[in-house]
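Working notes, beginning with the structure itself.
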Amino acid sequence: MDIFKESLVSFIKTAIKEKKNIDIANEESEKLIKNPPDVSFGDYSLAAYYMARYGFKGKPEEIAEEIFNIFMPNSARIEDLFDKIEIKGAYVNFFVNKERFASGIIQDVAGSNGNYGRGAPEKPLRVIIDFSSPNIAKPFGVGHLRSTVIGMSLSNIYEFCGHDVIKINYLGDFGTQFGKLITAFCRYDDIDFDKFEVNPVKSLYDLYVRIHKEAEENPSIDDVARNNFKELEEGLVRGNAGGLEDRLGSIDGGQTESVIGTALNKGVMDNKGRQLRITKESKSRFCDSGPDGKITLWKIFRNLSKKEFEGIYEKIDIKFDYYEGEAESAVFSNDIKEILLKSGIAEESEGAVIIPLKNIKTPALIAKSDGTSLYLSRDIVTAIFRMAKYNFDKMIYVVGSEQSLHFNQLCGIFDIIKENLNEISEKDNTRFKRYASLISGRLVHVKFGRIIGMSTRKGNLVFLEDYIKEASIKAEEKLKERLKILDDSMNEAITDLGKKLAEDWDGAKGAETLINPAGDRVDLQPEKELTERKKEQISYTSLKVGIGAVIFNDLKTRRTTDVNFKWDNVLSFEGQTGPYLQYTVSRINSLVSKLGGLNYNADFSFLKSDADFNDIFLITKQISGFRDALDSAMDQNEPSVLSSYALELASLFNRYYQNYRLIGSGLDYKPRLLMLSAVRTVLTRILNLLCVPVLERM
RNA sequence: GCGUUCAUAGCUCAGUUGGAUAGAGCAACAGCCUUCUAAGCUGUGGGUCGCAGGUUCGAAUCCUGCUGGACGCACCA
């Protein structure tokens, strides 16, 4: 909060105390102060309607008058900060001292060492953010991109606001479908093993599609698959005897290493420590040797897939603190089932195990009739493990809104466990009870809308990498076009120059360079000058612009609205787009360096009489709202709040840029340079928070 | 059928948590590059905030009903 608002907050608080003898908190006082919809109404306002609850009586206009009269005799207390206080209808409007405001904000940003807006809560929260979470046998598509960038961006936001964030990628590595995959893998003889290692996810997906098709005609395949899954799960459970309570005990003791081996992180080794590979020759060894071989096979699948995903994450600069998998929790699903059955929280129904929930008609299904685990039961175990490991205050699941029911059930289950804690026997369940009871109320499902109508021109699913490629190609076209225009204007300049050298022009055309009257060398053949370095620069820039366009496209609207996908929208880099923001930053970079760099010892003051003062004031006003935008983005788990905010700031800056020249004009550019830098600081910060690459130049 | 959710300019979306005159961007049209990057800027046109009630001093925002769309509804994840 700036000093202007701060002083209003304390003034209003005191006034209410003095006049009506009511104590209110600073936060409440702050809530009374609104930002008027238009600058002509001032910078802050107090609506009479809100004051009625503190005992102010009469028509709104009369109340406004009364409040105004409180301010007037005391105006000395605030006159330094405000130019004008006026009544307008039911509102008392405050006009800040613009010169003080503008220079104050610029000074704040300059003094923040690039950390303007960073939060430092008294009690930082420990927040787990579970996002991206692709299925290892399904290609990484645009749906996962949404979860990935929303999750990453929320992680960045919480962290920047001073909280302790743990980013987890919870791989979809388990479930009935893996029985299907194993079945398919062992069934078909024509698998291309080289392709399998290079592109495992696609290969697994193809297998899945193939067996699914075959199962439609031959339902017995489904039975084989279910059996294979059962074998897989039971095999894992057998290998990890001990049960949930023991496991929680070892987590308490600091042993957080995965129970199903370190496969997820280190690769799958044979007993001599060599990396295990599947080949045409070794395949039968995995397929025909009972559960152990199949478990190994499955471990290799998930390991290869994980590696492939990591390549994608690296490309778009996404990082996780931990990778987890569902399988880990599947091992203990049975223990959960037993506890909940014994305590009466869960009950049997048609051979399966369900938990009836309040307010939700569909009962939660936590075990299938063949005893194997389900998505929901694994999520219960996972949440308990995470509470034991990380003691989180809040856990956010960034998952599509189509899974609302699932997460409502998950939350409902922990509520019921907490309510019925006494029904669960203390014996052998102490740790379970401790951790499970803490979870209620701490889970948040951050849902997002679907992406509708996205397909290639042939109507197929779009893979993320192709999506980015498409955007990058478009960016490259645009970039080359711009360079060409630059060249053309350069040639025009040369033509002007050429008037002087008209006689020599033909000859000059063949020359590589020309010396202009100022003594600069002018390249005549920019095409030829497209050196390797330049080409590299172009493809680098294009890639980052493409990525920026794609990511920003996912973060610019509120998460819950479905995205109506249109190629034209993503491939346009004008207006409310990522490239527009990137462009704005690189424009500032260029300007700052042309003005000779920053000097923080410069004078921060602006004069009301300056031609550009009003626009500078508007820019600083926008900058001052950064903290609010951050808070609001965090409270609502909504990155788009920052997107809108950044677009507004960029737009204000670009207008300024267009209207006033800094080079060669009479304006004192030193304080303005700091203003530029402040805009850049905030925009760069937001781009970082939103996972949009920042470009030095474009 | 039940549940969740959405409906704002031709299109894509904002709308400060119930407050002042509903705003942007695309697209259309008209302008602006001898001068700091035109991925930019300026201007014009474009609205019964799905419909009907209700609550309130005050509703795009809250409640009810209706219409229309999306998603979900026990052995998938």
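The chains referred to below are lettered A, B, ... by the order of the sequence lines, with proteins before strands, and numbering in each begins at 1.
- With F573(A) as the aromatic partner, K474(A) does not meet the cation-pi criteria of under 6.0 angstrom to the ring centre and within 45 degrees of the ring axis.
- You'll find that the side chain of L662(A) is closest to C36(B), out of C41(B), G40(B), C36(B).
- The gap from the P atom of A20(B) to that of C49(B) amounts to 15 Å, rounded to the nearest Å.
- In this structure, D173(A) pairs ionically with R302(A), as a charged nitrogen and a carboxylate oxygen lie closer than 4.0 Å.
- In this pair, W298(A) and F174(A) present their aromatic rings perpendicular. The plane angle is above 60°, beyond the 30 to 60° band.
- No hydrogens or angles were tested; on distance alone, a donor-acceptor pair under 3.5 Å links the side chain of S45(A) to the base of A20(B).
- Each of D615(A), D612(A), D610(A) was checked for a side-chain hydrogen bond (donor to acceptor under 3.5 Å, both in side chains) with Y660(A), and the lone residue meeting it is D615(A).
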Could you pull out every donor-acceptor pair under 3.5 Å between side chains of residues 538-547 of chain A and any protein atom, sequence neighbours left out?
residue : atom : partner : partner atom : Å
S539(A) : OG   : E536(A) : O            : 3.2
T541(A) : OG1  : Q537(A) : O            : 2.8
S542(A) : OG   : I538(A) : O            : 2.6

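- Residues F407(A) and Y397(A) place their aromatic rings such that the two centres sit under 6.0 Å apart.
- Note: CG (D38(A)) to P (A22(B)) measures 12 Å, nearest angstrom.
- At whole-Å resolution of the value, CG in L595(A) and P in C36(B) are 12 Å apart.
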Next on the checklist: Output one letter per nucleotide in nucleotides 8-15 of chain B: B when a protein non-hydrogen atom lies under 4.0 Å from the base, S when only the sugar-phosphate is that close, - when neither is.
Outcome noted: ----SSSS
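- Here F41(A) lies parallel enough and close enough to stack on the base of A20(B), with planes under 30° and ring centres under 5.5 Å apart.
- Phosphate contact (OP1/OP2 of C76(B), side-chain N/O of K368(A), threshold under 4.0 Å): present.
- Below the 3.5 angstrom threshold, one finds a donor paired with an acceptor across the side chain of S369(A) and the base of C75(B).
- Within 3.5 Å, no donor on the side chain of R655(A) pairs with an acceptor on the base of U42(B), nor the reverse.
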